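All values reported here derive from a predicted model rather than from experimental measurement. Proteins get letters first, then strands, A, B, ... in listed order; numbering begins at 1 in each.
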Amino acid sequence: MRRDLKEVIFFSACIITTVTAISLLFIILSAILVRGLPAINLEFLTTESKEFGQNGGILYQTMGTFILIGMAGILAFPIALGSAVYQTEYLSLSLRGTADLLVYALNAVPTIIFGLFGYMFFGVFLKLGVSWLTGSFILAIMVLPTVLVSIKEAIESIPFKYLEAGLALGLTQERLVRAVIIPQSIHGMVTGLLLGLARAAGETAAIMFTATTFSGVLLPASFREPVTSLQTHILILAQEAINPRALTNAWGAALVLVALIMLMSLGSMLIRATITHEAER
Amino acid sequence: MKPLFTLKDVSLYYGESQVLKNISLTIDKGKVTSIIGPSGAGKSTILRTLNRMNDRIPGFQLSGEVFFDDENLYNNGTKVHLLRQNVGMVFQKPCIFPKSIYDNVLFGVRHLYSRRKHEFSQIVEETLKAVSLWDEVKDKLNQSALELSQGQQQRLSIARALAVEPRVLLMDEPTSSLDPTSTCAIEELVGRLSGNLTIVIVTHKLDQAKKIADDVVFICEGKLIEHGRSENIFSNPSQQQTKDYLKWHLCKC
Ligand SMILES: Nc1ncnc2c1ncn2[C@@H]1O[C@H](COP(=O)(O)OP(=O)(O)OP(=O)(O)O)[C@@H](O)[C@H]1O
Ligand SMILES: [Mg+2]
């Protein structure tokens, strides 16, 4: 009897929390959809913004976001891959726990700290200034733990028989990495990268004043120039706009950003689904 | 003739538990040696000491000496990957990479002899013929090897191991997951390959050992009970435990 009661309470608690979480998400998404949709049209997506966002579109903001996270991905992926391979294949068993701890610690650092440190190191010390490259470096460090952990999990989930089959043929450790480990975990790696980049695409604080400006820039002509980004655009418009058109445009930009992030997450989920499918064969 | 492998007083531990107990054994060149014994006896473990595949298992520890020709395998100087190029291995379940048949045969070769590219298609043909798979797959070499049957996949694994041109082939119950026809094909193959190649095969099927082995090693609970010519062991075993095992498939050691 008491056991039944406990179970009912537990079950209801699960339902209530799930419903709360889902409806919160639903409310936020529909708010963005309702307010952003009126702004969206082809012109909005394909032209530059005019009059401080009151008119025109968000073409260069979108491109700026892509440039920032694209470069962050290019910078973070090889480092994450290299250290994931090192941690899973070379590092002695006794040190692996410590390595994991460090990675999780890195993941727990507030993003504003990355922004501050990144700006001091890349912007000031390496003299890159307020530029998209500084921003990409900061984002790269930020997503490194996410990407690293995903790649590590992908490597660790390779069936042991593949490693044994490779080793039994006389492959060296280095050949094993190239012939078995990387090809067999590539799906997981891409998934991890997409997840990391989806996170970077939403990041605002760390790049706001280190990599982006609000207006007056199109595409960067050199490493040293800032870009403008969706995140910056939304924040500034939302803070300063009195004009209702500018506010609608901010919601439009938010909708585009959310769609972008959801697409990346969806992509990573789809890729993950194909791997489990393969593993079950 | 000098034996190819010599084990001298080999004991093997995984952490606290001792899996092999003071095993001394020689394995002859060009012969088929079959390792038999009940489940958990340590058959796979012995086999895997010959190409050092146990090294990665946590808690692994070995005492005694294992010689391959004159090389002490568990010396620090041994290049394990070179050893494994000479001592190939086929596992119980065929392990096929999600690639084409052609690429699976070349999986080891490609990384070991990348300079011999012009010989690749010849290597594929020769090794697939050696495992009697050529006629079945010659028209679909570029199709995924995952579409082959289990028996074909196992022969493909053997072809992949042979392509590296090993001197020894270790086989760990290679037919236990196969149908009778594929089993026969592989038993016939073992007979044909021996001579040039030294084969050590673990099996729990006594009729299979009888059919294909020149020498038989019987182990039980990590101890070597009896080792000798196949006909002697099967017709006239010297140890009581061997007699019991051959008769009842059980042993008290
Ligand atoms: N990875 C491992 N870690 C710890 N113990 C192991 C490991 N592999 C095998 N053992 C132990 O070593 C002993 C011998 O195992 P082994 O696989 O060599 O037996 P086997 O004779 O091949 O048996 P089977 O016929 O079932 O394949 C067993 O008691 C097993 O529990
Ligand atoms: Mg076994």
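Within 6.0 Å of NZ in Lys205(B) there are more than 12 heavy atoms belonging to other residues, nucleotides or ligands. Atom CZ of Phe160(A) is surrounded by more than 12 heavy atoms from other residues, nucleotides or ligands within 6.0 Å. More than 12 heavy atoms of other residues, nucleotides or ligands shown are found within 6.0 angstrom of OH on Tyr74(B). No more than 12 heavy-atom neighbours from other residues, nucleotides or ligands sit within 6.0 angstrom of CZ on Phe10(A). Phe26(A) CZ: 12 or fewer foreign heavy atoms inside a 6.0 Å radius. Shown here is Lys117(B), whose NZ atom has no more than 12 heavy atoms of other residues, nucleotides or ligands within 6.0 Å.
Looking at Arg48(B), only its side chain comes within 4.5 Å of chain A, counting heavy atoms on both sides. Contact of Gln173(A) with chain B is made through the side chain alone, with heavy-atom distances under 4.5 Å. Using a 4.5 Å cut-off between heavy atoms, Ile96(B) contacts chain A through its backbone alone, with no side-chain atom that close. If you measure heavy-atom distances from Val109(B) to chain A, you find no contacts under 4.5 Å at all.
Close approach to chain A, defined as a heavy atom under 4.5 Å from one of its heavy atoms, is seen in Met53(B), Arg56(B) of residues 52-61 of chain B, taken by number.
Contact record, Ala165(A) with Phe97(B): CB-CZ, 4.1 Å, taken as the closest heavy-atom pair. The nearest pair of heavy atoms linking Phe107(B) to Ala179(A) is CZ-O, 3.6 Å.
Here Lys161(A) contributes atom NZ and Phe91(B) contributes atom CZ; the two are 11.0 Å apart, rounded to the nearest 0.5 Å. How far CZ of Arg175(A) is from NE2 of His81(B): 11.0 Å, rounded to the nearest 0.5 Å. A distance of 10.5 Å separates CG in Leu169(A) from CG in Asn51(B), rounded to the nearest 0.5 Å.
Not counting sequence neighbours, the partners of Ala80(A) by the side-chain contact (heavy atoms from CB on, under 4.5 Å) test are Leu144(A), Val147(A), Leu148(A), Ile151(A).
Looking only at heavy-atom pairs under 4.5 Å with chain A, the residue among Met89(B), Arg160(B), Arg84(B) that has the most is Arg84(B).
Two residues are said to be in side-chain contact when any heavy atoms from C-beta on lie closer than 4.5 Å; Gln184(A) and Pro98(B) meet this criterion.
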